[in-house]
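Here's the structure we're looking at; comments come further down.
Naming convention: chains lettered A, B, ... in sequence-line order (proteins, then strands); numbering from 1 in each chain.
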Amino acid sequence: MPELPEVETIARSLAPLLTGRRVRRLTLRATRLRKPLDSSLAEAVYGRRIEEVGRRGKYLLLHLDDGFTWIWHMGMSGCLVHQRLGETQAARKHDHVIAELDDGGRLVFNDPRRFGLSLVDRMATCGLFSAMGPELLDVQAFNGPYLASWRRRTGRNIKDVLMDQRVVAGLGNIYASEILFVCGLRPTRRLARMSRAACDAVVVAAREIISEAIEHRGTSVSDFLDGIGKPGGYQWRLRVYGRRGQACPRCGSAIKSVLISQRSSFYCPRCQK
DNA sequence: GTAAACCTGGCA
DNA sequence: TGCCAGGTTTAC
């Protein structure tokens, strides 16, 4: 579920509901997500006011009034949903973290696979972000020359490189496939063998696809929901992801898939060179 | 580099 | 029953 457009969608839907709210109580119903959850989390957020809702790469950020940030990662299957006073419901299976707010609303983290993450840290010193690459939509930082500069440093294929959070933050398996379709490059293509113009084309396609996906509020393949429990709409616009054997939207050839770094990558054998 | 690990659920 | 799934880390 949660690549950049999905996390951005969650952040935008939660911002008006969480900004200015204080955390009144925290309930942990699982002992560990990707890392152990302990009572220090409750101590860190108790009584704190949420000043701002943000995002960095695939991480959702709740900036608190003491300079710390409540950092969330959705893993593969996590959803962070706000329930208003009156629509609160009994805890469901896989509701792992429940925060009660000062207006009677609740913030509930549900994650069947428990690959998610919830912790409090300072952004400036948090190791999760120290090696993270630029934001994909930051034109000053993520551009053709920047991507081309990685050609010296890696002989990897372009699909791997795009999904490397140290190169650019926010891309995962769905959008990497979509971007490479739009710019006509095979996912197996080595970055080192790409021209400067090809690097430019990848960046342009990335901005286009990600902007479009944010406009459509992300992709719900099976279970993605935004901060108010509403699915995204971009799954209807996917060009190649998950469409093995179906017709390429451009030329009609059958979409193929290939395993790259243990992940399925989808491409059109005719349109992508 | 590549595989396996962490987890559950859905589908063939 | 086995395989696959939006991610990341850790171990050969």
### Query
Across all strands shown, which nucleotide pairs with B/dG9 by Watson-Crick or G-U wobble geometry, both distances under 3.5 Å?
C/dC4

Between [N] atom [atom2] and [X] atom [atom1], what is the distance in whole Å?
X        : N     : atom1 : atom2 : value
A/Phe224 : B/dG9 : CZ    : P     : 20 Å
A/Arg263 : B/dG1 : CZ    : P     : 18 Å
A/Gln262 : B/dC6 : CD    : C1'   : 15 Å
A/Tyr175 : C/dG7 : OH    : P     : 10 Å
A/Phe266 : C/dA5 : CZ    : P     : 6 Å
A/Leu117 : C/dT8 : CG    : P     : 10 Å

Picking from [options], which would you name as closest to the side chain of [X]?
X        : options             : value
A/Tyr241 : C/dA5, C/dT8, B/dT8 : C/dA5
A/Arg34  : C/dT9, C/dA5, B/dT8 : C/dT9
A/Leu128 : C/dT8, C/dT9, C/dC4 : C/dT9
A/Gln165 : C/dA5, C/dG7, C/dT8 : C/dT8

### Query
Is the aromatic ring of A/Phe115 within stacking range of C/dT8, meaning centres under 5.5 angstrom and planes under 30 degrees?
no

Just call it for [X]: base, sugar-phosphate, or nothing, with non-hydrogen atoms closer than 4.0 Å on any strand.
X        : value
A/Ser257 : nothing
A/Ser261 : nothing
A/Lys35  : nothing

### Message
Looking only at the side chains, is there a donor atom on one of A/Asn157 and A/Thr188 sitting less than 3.5 Å from an acceptor on the other?
### Response
no

### Task
Indicate, yes or no, whether a donor-acceptor pair under 3.5 Å links the base of B/dC7 to the side chain of A/Arg113.
yes

### Query
Expressed in whole Å, how much space separates the C1' atoms belonging to C/dA5 and B/dG1?
24 Å

### Task
Using the C1' atom as the reference point in each nucleotide, state the distance between C/dT9 and B/dG9 in Å, no decimals.
23 Å

Give a yes/no on whether any side-chain N or O of [X] is located under 4.0 angstrom from OP1 or OP2 of [N].
X        : N     : result
A/Ser264 : C/dA5 : yes
A/His73  : C/dT8 : yes
A/Lys93  : B/dT8 : no

### Message
Regarding A/Arg22 and A/Asp65, does a basic nitrogen lie under 4.0 Å from an acidic carboxylate oxygen?
### Response
yes

### Message
Would a single hydrophobic cluster contain both A/Ile255 and A/Tyr267, if residues Ile, Leu, Val, Met, Phe, Trp and Tyr are joined by side-chain heavy-atom contacts under 4.5 Å?
### Response
no

### Summary
Contacts of A/Gly155 and A/His94 projected onto DNA chain B by closest heavy atom; the upstream (5') one is A/Gly155

### Task
Measure the acute angle between the ring planes of A/Tyr234 and A/His216, then classify it against the limits of 30° and 60° as parallel, tilted or perpendicular.
tilted

### Query
Sub-3.5 Å donor-acceptor pair from the side chain of A/Asn110 to the main-chain atoms of A/His94, do we have one?
yes

